[in-house]
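Scroll down for the structure; my scribbles are underneath it.
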Amino acid sequence: MKIKTEELTGQALDWVVAKAEGNVQLQYDSREGLIIRNILGWFPYRPSVAWQQGGPIIEREAIELVPDGKGSWSAAIRGGDEDDVAHGPTPLIAATRCFVASKMGDTIDVPEELV
């Protein structure tokens, strides 16, 4: 199912972040949701809500976060010909949308079960 990056939330957003990261060790579990594998085993993957997962992306990609004063956030990756900018209700959602837009564009194909 095609969805605009600016509309991604929840598991769909987390799934696309994993794909943008190039992570092939990602699975969907009906009880746990998205899970990812590392050397310690499988664990929940939620970079759009978990700072320990989304924070390193923000640091590595030098994503700028700015509150808009109305309860929402803007995120930007500066550089190149054009800046990538995204918005969201939280800093992590704005930042992960921005990251996905910078890597995969403004429209993403997402499995229907995640939307």
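All values reported here derive from a predicted model rather than from experimental measurement. Excluded from the calculations below are hydrogen atoms, water molecules and symmetry mates; all remaining heavy atoms, backbone and side chain alike, are included.
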Legend entry - Path from Phe43 to Val49 over hydrophobic side-chain contacts below 4.5 Å: no
Legend entry - CZ-CD1 distance between Phe99 and Ile58, expressed to the nearest 0.5 angstrom: 11.0 Å
Legend entry - Heavy-atom pair of closest approach, residues Leu92 and Gly55: CD2-N, 4.2 Å
Legend entry - Selection residues 86-99 - residue pairs positive for salt bridge (charged side-chain N to carboxylate O under 4.0 Å, His left out), sequence neighbours left out: none
Legend entry - Close side-chain approach of Asp29 to Leu34, heavy-atom, < 4.5 Å: no
Can you give each donor-acceptor pair under 3.5 Å made by side-chain atoms of residues 64-75, sequence neighbours left out, with the distance rounded to 0.1 Å?
| from | atom 1 | to | atom 2 | distance (Å) |
| --- | --- | --- | --- | --- |
| Glu64 | OE1 | Arg78 | NE | 3.1 |
| Glu64 | OE1 | Arg78 | NH2 | 3.4 |
| Asp68 | OD1 | Lys70 | N | 2.6 |
| Asp68 | OD1 | Gly71 | N | 3.4 |
| Asp68 | OD1 | Ser72 | N | 3.1 |
| Ser74 | OG | His87 | ND1 | 2.9 |

Legend entry - Which residues share a side chain to side chain contact (heavy atoms under 4.5 Å, CB included) with Gln27, sequence neighbours left out: Ile35, Trp42
Legend entry - Joint cluster assignment, Val16 & Ile57, ILVMFWY side-chain distance < 4.5 Å: yes
Legend entry - Spatial distance of atom CD1 (Ile63) from atom CD1 (Ile77) [nearest 0.5 Å]: 4.0 Å
Legend entry - Non-hydrogen atoms of Pro47 and Val17 that approach each other most closely: CG-CG1, 3.7 Å
Legend entry - Minimal non-hydrogen separation, Leu8 against Ile3, with atom names: CD2-CG2, 3.4 Å
Sequence neighbours excluded and cut-off under 3.5 Å, please list the side-chain donor-acceptor pairs for residues 104-115, or say none.
| from | atom 1 | to | atom 2 | distance (Å) |
| --- | --- | --- | --- | --- |
| Asp109 | OD1 | Met1 | N | 3.0 |

Legend entry - Minimal non-hydrogen separation, Cys98 against Ala86, with atom names: N-CB, 3.4 Å
Legend entry - Shortest non-hydrogen contact between Ala76 and Val85, atoms and distance: CB-CG2, 4.1 Å
Inset, instruction - Give every residue pair that meets the side chain to side chain donor-acceptor pair (under 3.5 Å) criterion with at least one member in residues 47-61, sequence neighbours excluded. - result: Asp14-Ser48, Glu21-Arg60
Legend entry - Counterpart residues, side chain to side chain contact (heavy atoms under 4.5 Å, CB included), relative to Pro44 (two or more places apart): Glu32, Arg46
